[in-house]
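Start at 1 with the first residue, then count along the sequence. In each ligand, atom 1 is the first atom listed, and ligand 1 is the first ligand listed.
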Amino acid sequence: MASTQQQRYILVERRDDGIAVVRINRTDKLNAMNLDVIAQLSSAMDDLAGDDTVRAVIITGTGEKAFSAGADIEYMSRISPLEAEEYARRGHAAMSKVENLNKPVIAAVNGYALGGGCELALACDIRIASRNAVLAQPEVGLGICPGWGGTQRLARIVGVAKAKELVYTGRRVNAEEALSMGLVNRVVELPQLMDESIAVAREIAKNSAIAVRVSKMLINRGVESDISTGLALEVWGWSLCFTHPDRAERMSRFLQKR
Ligand code: HXC
């Protein structure tokens with residue numbers, strides 16, 4: 001699998017307020033994700049995981065037209081089944097790094113989020129869409145099924161019936177419809193998208209990083225488990241928070257204000 005090196009397809013901006021903005025930067029191809037984009041996204045997640053100054057992450061696309069138009073169709077048109085398997089695996093690894101990053105990730109969906117683009121948004125914790133956003137899993141029209149988590153995460157987020165409808169038809173949904181089915185958390189005008197996403201990230205960042213981190217882990221593990229396993233994990237996660245000075249400081253701050 002040949003790949004062109006040196007292109008910076010993922011731009012990471014670390015802001016002073018503890019928020020990192022990750023931008024998919026392949027505007028001429030509507031931020032379609034080739035192997036290099038996936039590799040750079042993956043390594044950006046590794047860097048951010050190790051950076052305690054970052055409290056929340058926003059992923060968006062460069063330009064005003066697309067979050068990401070998905071996997072690279074030109075590349076997929078010429079690969080073997082084994083290369084396809086590798087492409088799916090690498091995509092899965094990157095999306096799982098997003099999903100399991102030790103801090104919340106917000107998808108600022110600034111236009112088309114199709115196929116793999118929608119799947120990347122699904123791997124994020126929260127999705128905020130601009131009014132011009134268009135989301136879909138159009139893969140079946142290309143003779144493939146969703147391959148970066150769409151058959152799994154979509155159903156967990158919007159329910160099995162809606163996921164089946166969207167995957168079998170490949171139908172595009174606009175931001176309002178996406179909101180109505182819980183596919184996105186909120187919708188704002190495009191010029192407000194970054195401000196709104198940053199505002200949500202700041203709301204998160206003012207809370208205890210360890211408590212947010214444990215909460216994310218518990219929700220992610222819990223939805224994959226039966227309720228008694230999830231609740232047992234919650235007891236451990238909850239009591240783990242008591243090992244961190246944040247808990248004592250924040251509780252005494254509350255009590256002193258009284
Ligand atoms: C490669 C893509 C691309 C993609 C767009 N481009 N999407 N290249 N892969 N997914 C390229 C076009 O070829 C074109 O390049 C440029 O970006 C601009 O796109 P246009 O089609 O000219 O723009 P427009 O007419 O505005 O249409 C926008 C669009 C359309 C509706 C988003 O581009 C489109 O339908 N794209 C494909 C979306 C899709 O089916 N995604 C799912 C892929 S499957 P040039 O060089 O001609 O200017 C998938 C599987 C995931 O994601 C799992 C993998 C394991």
side-chain contact (heavy atoms from CB on, under 4.5 Å) partner of R131, the single match among L190, V188, V187, L193:
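That would be V187.
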
Heavy-atom contact check, 4.0 Å cutoff: does [X] meet ligand 1?
X: R172; value: yes
X: N34; value: no
X: E119; value: yes

With backbone taken as N, CA, C and O and side chain as the heavy atoms from C-beta onward, which portion of [X] lies under 4.0 Å from ligand 1: side chain, backbone, both, or neither?
X: L142; result: side chain
X: W148; result: both
X: K29; result: both

Under the rule for side-chain contact (heavy atoms from CB on, under 4.5 Å), what residues qualify as partners of S43, not counting sequence neighbours?
none

Is there a protein heavy atom less than 4.0 Å away from atom 30 (C) of ligand 1?
no

Short check: is a protein heavy atom less than 4.0 Å from atom 21 (O) of ligand 1?
no

Say whether [X], considering both its backbone and side-chain N or O atoms, lies within less than 3.5 Å of an N or O atom on ligand 1.
X: G116; value: yes
X: A71; value: yes
X: A69; value: yes
X: A88; value: no

Look at [atom] and say which protein heavy atom is nearest, naming residue and atom and giving the distance to 0.1 Å.
atom: atom 28 (C) of ligand 1; value: L30 CD1, 3.5 Å
atom: atom 34 (C) of ligand 1; value: L114 CD1, 4.5 Å
atom: atom 37 (C) of ligand 1; value: I73 CD1, 3.6 Å
atom: atom 3 (C) of ligand 1; value: A32 CB, 3.9 Å
atom: atom 40 (O) of ligand 1; value: P138 CG, 3.6 Å
atom: atom 14 (C) of ligand 1; value: D28 O, 4.4 Å
atom: atom 53 (C) of ligand 1; value: G147 N, 3.5 Å

Quick one: are I58 and E13 in side-chain contact, heavy atoms under 4.5 Å?
no

Hey, is the main chain of [Y] close enough, under 3.5 Å, to the side chain of [X] for a donor-acceptor pair?
X: K65; Y: G111; result: no
X: N220; Y: N100; result: no
X: T60; Y: F67; result: no
X: Y87; Y: G147; result: no

Treating Ile, Leu, Val, Met, Phe, Trp and Tyr as nodes and any side-chain heavy-atom pair under 4.5 angstrom as an edge, say whether W148 and L30 lie in one connected cluster.
no

Counting neighbours of CD on E234 that are heavy atoms of other residues, nucleotides or ligands and sit closer than 6.0 Å, is the number greater than 12?
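No, CD of E234 has 12 or fewer neighbouring heavy atoms, counting only those of other groups under 6.0 Å.
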
For I19 and A201, work out which heavy atoms get closest and say how close.
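For I19 and A201, the tightest heavy-atom pair comes out as CD1-CB, 3.7 Å.
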
Option with minimal heavy-atom separation from atom 23 (O) of ligand 1, where the choices are R26, Q137, K65:
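Selected option, by shortest heavy-atom distance: K65.
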
Only residue of R55, K206, R202 satisfying salt bridge (charged side-chain N to carboxylate O under 4.0 Å, His left out) with D17 is R202

